[in-house]
Amino acid sequence: MQSSMDVAGRQAGDIKSIWTLMLWICGVMYALVLAFLGWALWRARRRLAGPPTVEGVESAADRPMQRVLGGWIGLIVLGLLVLTFGSFLVDRQLATAANRADINIRVTANQWWWEVEYQDPDPSRSFVTANEIHLPVGKTAKIELVATDVIHSFWIPNLGGKQDLIPGRKNDITLTPMREGRYRGQCAEFCGLQHSNMALDVMVDSEAGYEAWRARQMRSAPAPATPAQAHGLDVFQTQACANCHQIDGTEAKGQTGPNLTHVASRRYIAAGVAPYSRGTLAAWIADPQGLKPGAHMPIVQLSPADLNGLLDYLDSLK
Ligand code: CUA
């Protein structure tokens, strides 16, 4: 699920090709160095066993050695030229990929979760989700990378390389997924206690599947369908939840935590800590520190009836 050798995107393919080229050239050089070392040792032992030679006088046996050394220098120069040219080509390929972007996404890294904003020139077609990225296969996405607190690093090994997210700076990375499937992204720069639990769920869908997902994400949250769900929405809006979280179409407009408009459509909670279910959500709300020590989600004291209503409501946000 998370391997830069299992290539599923054009940029990861470019990087793997330069990696393979480097491995071959450096591997062959290394094998040659060891072979020459073995030969030199064998030669020295043979010379010790033979008649003594005079220091500083060139013997007939040294002449082929000079030719070998000349060839070796030529080989090193050729190898370095091939590596330089190969990395130039791959670098250029990666740098120009953004010019063909079909989709624009902004990813904001936080301790310890990802905000993902799908941008559209028409604001009504923009939306915000968290800890997951959906991409259509064969299309190019330009992903703008920003951070709110400390330096993080964006890395989806199957699709492309790494890029840092630095507070006060805008970076970007371009991804062109070529194979449908589920992949895992991971923050690749130590950013605090929950650095390792800062995962990104990446779904590469067919174009139709992606468009269907996007159409669902653009909608506001569905209105509560049962009295328990209505009570849950009331709890969400009147307790601390709404201070940090937004649910489109309600009065909850908090901006410091993930947008929960379609939280029940996600596969994981808390940036990959646990698979999404009503049960894990209950555990997370009741004791965030138990599930993800150091997380900035506070404990909100709720009565069992309030917690059950809240779970009913959140679970309806498909
Ligand atoms: Cu974010 Cu490590």
Side-chain angles (χ1 to χ4, degrees), residues 1-6 8-9 11-12 15 94 98 103-119 127-135 141-175 177 182-204 243-246 254-260 262-263 266-276 280-281 283-285 287-299:
M1 237 179 122
Q2 185 183 323
S3 164
S4 43
M5 292 292 100
D6 176 23
Q11 290 74 21
I15 292 169
L94 295 177
I103 302 168
N104 286 290
I105 300 173
R106 171 158 54 207
V107 169
T108 309
N110 301 277
Q111 279 179 320
W112 288 279
W113 61 282
W114 308 91
E115 183 176 81
V116 182
E117 184 185 351
Y118 281 75
Q119 299 176 320
F127 59 89
V128 177
T129 179
N131 302 323
E132 61 166 24
I133 294 185
H134 287 241
L135 297 170
K142 184 182 174 189
I143 303 177
E144 187 182 295
L145 302 168
V146 294
T148 53
D149 36 41
V150 298
I151 299 176
H152 305 261
S153 183
F154 179 93
W155 189 36
I156 305 168
N158 303 66
L159 300 185
K162 286 179 191 171
Q163 186 65 268
D164 279 2
L165 306 96
I166 302 167
R169 224 190 116 118
K170 272 185 198 169
N171 279 349
D172 59 72
I173 195 167
T174 308
L175 301 176
R182 292 168 172 175
Y183 307 101
R184 188 176 185 276
Q186 167 66 41
C187 179
E189 174 132 353
F190 183 72
C191 53
L193 201 53
Q194 284 295 332
H195 154 71
S196 60
N197 281 326
M198 195 169 163
L200 251 175
D201 193 23
V202 184
M203 235 91 53
V204 177
N243 295 340
C244 296
H245 297 284
Q246 176 159 354
Q255 292 298 315
T256 46
N259 183 310
L260 299 180
H262 296 286
V263 65
R266 297 177 196 157
R267 295 199 309 140
Y268 293 95
I269 60 166
V273 158
Y276 175 89
T280 53
L281 199 58
W284 174 235
I285 295 169
D287 182 15
Q289 298 303 315
L291 215 55
K292 194 168 180 173
H296 298 315
M297 165 112 164
I299 297 179

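Start at 1 with the first residue, then count along the sequence. Both ligands and their constituent atoms are indexed starting at 1 by order of listing. All values reported here derive from a predicted model rather than from experimental measurement.
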Polar side chain donor-acceptor pair, Q186 to Q2, under 3.5 angstrom: no
Looking just at side-chain N and O atoms, do D149 and H152 make a donor-acceptor pair shorter than 3.5 Å? yes
Using the test side-chain contact (heavy atoms from CB on, under 4.5 Å), find all partners of A283 that sit at least two apart in sequence or belong to another chain. none
If we only look closer than 2.8 Å, how many protein N, O or S atoms does atom 2 (Cu) of ligand 1 have near it? 4
Qualifying residues under side-chain hydrogen bond (donor to acceptor under 3.5 Å, both in side chains), relative to N171, sequence neighbours excluded: R169
R267, CZ: over 12 other non-hydrogen atoms inside 6.0 angstrom: yes
Considering residues at least two apart in sequence or located in another chain, which fulfil the ring-ring contact (aromatic ring centres under 6.0 Å, His included) criterion with Y118? F127, W213
